[in-house]
Amino acid sequence: MEHPAPVAPETARDGQTALIEAITEAVRDGDDRTVRRLLARFAELATITDLYALRDALDTARPSGNRTQS
């Protein structure tokens, strides 16, 4: 079985940054189908620190800038 070549850390990080930006844009646009597709891709790549970056990016996308607390 062929194994993919390892990805350089900065290349992987740039890809994750672009993915977070795409998710944020889809959330702003209200495009639920795209959000679900991108979140599935994000789930394949994410580490726990990436979840915090996604949360922060989505927080800045909200007009109020505040998260609602449950």
Side-chain angles (χ1 to χ4, degrees):
M1 182 162 80
E2 186 175 337
H3 297 284
V7 176
E10 60 276 357
T11 302
R13 188 61 50 195
D14 289 344
Q16 289 173 339
T17 300
L19 185 55
I20 288 172
E21 290 171 0
I23 292 168
T24 303
E25 183 177 335
V27 168
R28 271 192 226 128
D29 294 345
D31 187 348
D32 292 341
R33 183 176 182 200
T34 300
V35 170
R36 285 191 303 271
R37 181 179 53 81
L38 292 171
L39 285 174
R41 178 69 179 135
F42 183 80
E44 294 173 356
L45 304 172
T47 65
I48 195 69
T49 55
D50 295 323
L51 296 176
Y52 295 118
L54 177 59
R55 179 198 62 200
D56 293 343
L58 292 173
D59 279 348
T60 61
R62 292 184 184 171
S64 67
N66 295 323
R67 286 194 338 253
T68 56
Q69 300 291 323
S70 301

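Every residue two or more places apart in sequence or in another chain was checked for a side-chain hydrogen bond (donor to acceptor under 3.5 Å, both in side chains) with R36, and none qualifies.
How far CG of D31 is from CD1 of I23: 12.5 Å, rounded to the nearest 0.5 Å. Going from atom CG of L58 over to atom CD1 of I20 covers 8.5 Å, rounded to the nearest 0.5 Å. To the nearest 0.5 Å, the span separating CG on L19 from CG on L38 amounts to 6.0 Å.
With salt bridges taken as basic N to acidic carboxylate O contacts below 4.0 Å, one links E44 and R41.
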